[in-house]
Amino acid sequence: MCDDELIPPQADMTEREWLRAGSEATAGGPSMRTTGRVPQWVNRRTLLGGAMAGAALTVLPSPAQPRASAAPRLGGPGAFPFPEHPNGKGEFAVLVTGDAGTGDEAQYAVAAAARDLCRTEGIGLAVGLGDNIYENGPESDDDSEFQDKFEKPNSGIDVPWLMVLGNHDCSGLIPGSGGDPSRGDREVAYAATSRRWYMPSRYYSVPLPAADPLVEFFAIDTIPWSSYVAQLDPHYRWDGPYMREQRSWLDGALRASRARWKVVIGHHPYLNNGKHGSAGSYDGFEIGNYTSGVHLKDMYENVVCGRADLILSGHDHTLQILEPTARTGGTRQVVCGASAKTEDGTAHFGHPAAWQNFSDHGFMVLKVSGARLTIDAYTVDVATRKATLAHRTRQTRPVAAPAGAHA
């Protein structure tokens with residue numbers, strides 16, 4: 001590790017600890033340390049992380065694929081259209097899934113339960129929160145895994161799917177490492193042939209309805225900020241041109257949005273009570289520009305929090321609807337990554353939550369109208385392929401309503 005790498009803040013502090021630390025800093029007491037030099041001590045987890053990163057540096061080739069950009073691409077022939085009007089209940093209803101791409105029985109069961117609900121709820125759009133193709137992502141833009149791990153399980157859910165990249169989609173030689181972001185271009189290219197899969201670029205926005213948006217979705221690529229190994233290609237490094245351009249784009253897009261409700265979708269969460277932890281200390285790592293997600297934490301706090309109403313993320317194979325707090329500037333973090341895998345049944349951290357589940361498969365439905373934003377969380381019994389409404393959260397006031405937006 002270089003001696004000038006960052007020591008991230010204590011991302012998994014409780015809300016009370018976070019507020020106390022801020023008060024102490026304001027009063028001239030000890031401040032939260034966010035930057036500085038690497039400490040002399042290194043724990044076992046850090047040593048393991050360093051070994052993993054070092055191994056990756058010796059085996060990963062430098063990517064030679066064309067650079068990614070935010071330029072839009074057309075959808076596939078006969079692509080399912082975006083809804084331009086609310087459903088019969090006066091809402092835009094959106095299916096939310098994450099970490100689904102296994103092709104196994106659990107994925108099929110969750111998709112079957114969601115398919116039944118799509119008809120009754122009038123769902124016109126879906127979201128896939130990354131890890132779309134386990135374990136290493138597709139080998140080409142026409143890899144049969146697109147059929148086995150996306151199209152076939154989701155047959156009958158005939159709506160556009162807003163897709164984002166996960167660490168397993170960009171892995172290469174080390175499963176889940178996120179060490180080869182260029183592999184994500186294959187998922188962008190696949191969008192040109194699929195009726196469902198919508199990924200015009202690695203990051204993009206979708207307003208609904210397009211002409212006079214009520215809600216706008218901002219899809220981001222969190223992988224190069226949070227890979228388990230160092231990025232070799234300068235283009236994708238945490239401070240390289242790709243990440244700088246994406247951050248600048250998101251900042252400008254949120255500022256320019258006329259939508260009443262704003263939703264940021266990306267694979268890695270800002271806050272998380274599951275075992276992976278929160279941005280800035282993912283998986284217990286506390287030093288370095290990668291693994292911990294320290295620079296993603298900085299981006300969320302300085303670009304997204306207080307401006308977007310929701311952050312929708314996967315990565316942790318759990319279902320969590322966390323509370324908006326002073327720390328998040330009123331933005332609510334939602335984790336929905338249990339569409340094919342589950343976790344250990346235990347809450348590992350204590351961020352305030354409206355509801356959370358660490359053991360069941362499931363999905364969520366986001367409902368948006370001018371008057372309210374509703375999140376319905378469903379658990380799924382894999383054996384019967386049936387969904388149960390486990391929790392409902394509503395909010396009636398946007399975090400930051402733009403001028404000229406819906407009242």
Side-chain angles (χ1 to χ4, degrees), residues 1-2 5-8 11 38 45-65 67-68 98-99 101 129-138 164-188 202-203 219-247 250 266-270 272 274-300 313-317 337:
M1 297 284 184
C2 299
E5 286 183 323
L6 297 177
I7 302 172
V38 174
R45 184 179 290 272
T46 301
L47 287 172
L48 290 173
M52 184 177 181
L57 290 173
T58 64
V59 299
L60 286 178
S62 296
Q65 287 85 349
R67 304 299 190 201
D99 300 68
L129 292 170
D131 285 356
N132 310 310
I133 307 292
Y134 280 106
E135 291 289 330
N136 294 332
V164 299
L165 295 170
N167 52 297
H168 280 273
D169 299 307
C170 303
S171 290
L173 295 175
I174 301 177
S177 69
D180 189 358
S182 64
R183 292 173 68 92
D185 291 342
R186 299 165 186 173
E187 297 195 5
V188 176
R202 299 170 70 103
Y203 55 90
I220 62 174
D221 175 8
T222 64
I223 309 311
W225 274 314
S226 308
S227 56
Y228 287 112
V229 297
Q231 296 294 339
L232 297 183
D233 187 340
H235 184 67
Y236 290 109
R237 288 178 184 162
W238 72 268
D239 59 349
Y242 174 69
M243 302 312 284
R244 293 198 308 268
E245 290 164 7
Q246 181 181 194
R247 177 171 174 146
L250 181 60
H267 184 64
H268 290 84
Y270 169 45
N272 169 35
K275 69 177 185 180
H276 282 308
S278 301
S281 60
Y282 290 139
D283 296 294
F285 286 91
E286 296 182 348
I287 61 175
N289 291 313
Y290 300 99
T291 306
S292 67
V294 62
H295 301 294
L296 179 60
K297 177 182 188 296
D298 176 78
M299 190 282 294
Y300 276 136
S313 308
H315 194 48
D316 219 277
H317 303 151

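Every heavy atom of this structure was used, including side-chain atoms; hydrogens, water molecules and symmetry mates were not. Keep in mind that what you see is a predicted model, and the values were worked out from it rather than measured.
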* To do: Establish, from distance only, whether the side-chain atoms of Tyr242 and Asp233 form a donor-acceptor pair under 3.5 Å.
  =>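 Per modelled atom types, Tyr242 and Asp233 side chains form no pair under 3.5 Å.
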* Verify the distance criterion only: is there a donor paired with an acceptor across the side chains of Glu187 and Asn132 at less than 3.5 Å? =>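 Yes, side-chain donor-acceptor contact under 3.5 Å.
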Ignoring hydrogens, what is the shortest heavy-atom contact between [X] and [Y]? Give both atom names and the distance.
X	Y	value
Gly178	Ser171	N-OG, 3.7 Å
Asp169	Pro138	O-CD, 4.4 Å
Gly293	Ser226	CA-OG, 3.9 Å
Pro241	His235	CG-ND1, 3.6 Å
Gly176	Tyr228	O-CD1, 3.2 Å

* Only one of Asn289, Leu296, Asp239, Val294 passes side-chain contact (heavy atoms from CB on, under 4.5 Å) with Trp225; say which it is. =>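 Among Asn289, Leu296, Asp239, Val294, the one that satisfies the side-chain contact (heavy atoms from CB on, under 4.5 Å) with Trp225 is Leu296.
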* In terms of side-chain geometry, is the basic nitrogen of Arg247 or Asp298 positioned less than 4.0 Å from the acidic oxygen of its partner? ->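 Result for this pair is yes, salt bridge flagged.
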* Is there a side-chain contact between Tyr134 and Asp99, using heavy atoms and a 4.5 Å cut-off? ->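 Side chain of Tyr134 against side chain of Asp99, heavy atoms only: contact under 4.5 Å found.
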* Asked: Would you call Tyr282 and Pro269 a side-chain contact if the rule is heavy atoms closer than 4.5 Å?
  ->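 A side-chain contact exists here, since the closest heavy-atom pair is under 4.5 Å.
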Roughly how far apart are [X] [atom1] and [Y] [atom2], rounded to 0.5 Å?
X	Y	atom1	atom2	result
Asp283	Lys275	CG	NZ	8.0 Å
Ile223	Gln231	CD1	CD	9.5 Å
His267	Ile220	NE2	CD1	11.5 Å
Tyr270	Met299	OH	CE	11.0 Å
Leu129	Ser313	CG	OG	7.0 Å
His168	Arg183	NE2	CZ	12.5 Å

Side-chain donor or acceptor of [X] paired with backbone N/O of [Y] under 3.5 Å:
X	Y	value
Arg202	Asp221	no
Tyr290	Trp238	yes
Asp131	Gly101	no
Asn272	Gly277	yes

